[in-house]
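Structure first, commentary second.
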Amino acid sequence: MNANGVANLQTKTHLVFIKRCLSLLLVFIMVLSTPFVSKQALAQNQVDNIRVTHQRGTTRVVLDVKDEAKFSYFSLSNPQRLVVDFTGTKDGIDFDRYDLKGPLVKRIRHSTPKSANDMRLVFDLNKKVEARVFSLQATQDFGHRVVVDLKDPNPVPEQVLSTVAAPQRDQDIVIVIDAGHGGADPGSIGPKGTYEKNITLSISKMLEALINNESGLRAVMTRSGDYYISPNDRPDVAIRENADLLVSIHADAFTTPQPRGGSVWVLSKGRADSELGRLLEQTERSSELIGSAANVIEDRDTERYFAETIFNMSMDLSRASSYDISNKVISEMKKVTRMHKKAPQSASLAVLTAPETPSILVEVGFISNPQEEKNLNWREYRQRLANSMFTSIKRYFKVNPPEGTLWAKRLASEPIKHKVARGESLSVIAQRYSVSVKDLKEANNLRSDMVRIGQVLLIPN
Ligand SMILES: [Zn+2]
């Protein structure tokens, strides 16, 4: 071994020493960080809600979770089961409270998880199914979800599905009128004891009569008497009827007698940002609670989920139309009553959630204001309010008639009018509308080719 070799050996010994030190350091770091790792494992996710739908041999279970979920799943047979293990998750709900039975699912229950911080769900099944479990990220309208799809490999054949194209739509423009509250739910009560539910029904019936008297329009009432319907069931009427508009009529109260005037509400994407909006959300929700517990699981919610993207798109479309109609209602209503708000307001209201139907909620005034309570008890005043809503609805649909309706046909066959501008000759105008000069002259009873500025010409079809 020469001097160089000794130096090499020394360097090697140094290297080994440094390596050992590094490994020790690493172990030390790992030991130190262990408490943090276990703390993170303790972080709890939570299941907040569960919904089930059955459709053509498929059962879909949607679990709403607080955060993005970590899970694994496997199937067991004899008896058939699906087991889903959620890591670091607890459930905020009692599954036994929900009726989750269906053609494929016998029962959904908890079972002992592998670790205390986890949650194990067992789906007791009626038969062998194809199972798929996946998670969905939160969107603007929905939170994080875990979806359990159970597919029957041999579904009972459906009744023969019609291949005929969907029937042509109703020639009438369908307007669902929703009289707020009803039955066990009186709504707000005025200082003189006036019930909101009676005021809303009266105005709704007036509006119904006006609409049904107009050719090409048809009204459908969510309730026509004094009985209770949950706010969740009201938009279903619009969905069932393929309605072109839903108008929900209310006359709510405020905590103090001062506020007065009407307002028009559309669905917001999030929670309401005004005090009044939050109050309105609250009163709507409390009347929801009067309804049966079965409404806790909304089928509609899950149906919506099936076509979420389409839902969001049509929702945006409906929102835009709702806003447009609201502005027209405000401009007509302010001829009858003071408006509390000059622009449409938005809040998260169950009644406004029919995805394809523009939906608005009209607050005709504050029943808590003594003067407005008095006004609302006056028939003529209620009639004026109904008239103003009717006029605004007509104004809207005259310009925006849904395709396939009588009003759309009417609009299409309406002759086009042209006001003659400086420098325009008859032949220029004829060319512009692709009609002959002869037809143009005939349609307007013109003897010569002369036209004057400002003259209005009918353009033949
Ligand atoms: Zn109300």
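We count residues from 1, following the sequence as given. Since we're looking at a predicted model, the values are computed, not measured. Both counts, for ligands and for their atoms, begin at 1 and track the order of listing.
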For the Zn ion (ligand 1), the closest N/O/S atom belonging to Asp252: OD1

One thing to verify: whether Lys127 and Asp152 come together as a salt bridge, which I'm taking to mean a side-chain N less than 4.0 angstrom from a carboxylate O. yes

Thinking salt bridges, do Glu332 and Lys328 make one under a 4.0 Å N-O criterion? no

Output yes if Glu363 passes the N/O/S-under-2.8 Å test against the Zn ion (ligand 1); output no otherwise. no

State whether a side-chain donor-acceptor pair under 3.5 Å links Thr405 with Gln171. no

Presence of salt bridge, Arg109 and Asp124, under 4.0 angstrom: yes

Closest His250 atom to the Zn ion (ligand 1) [N, O or S only]: ND1

When you measure from the Zn ion (ligand 1) to each N, O or S atom of Glu196, which atom gives the shortest distance? OE2

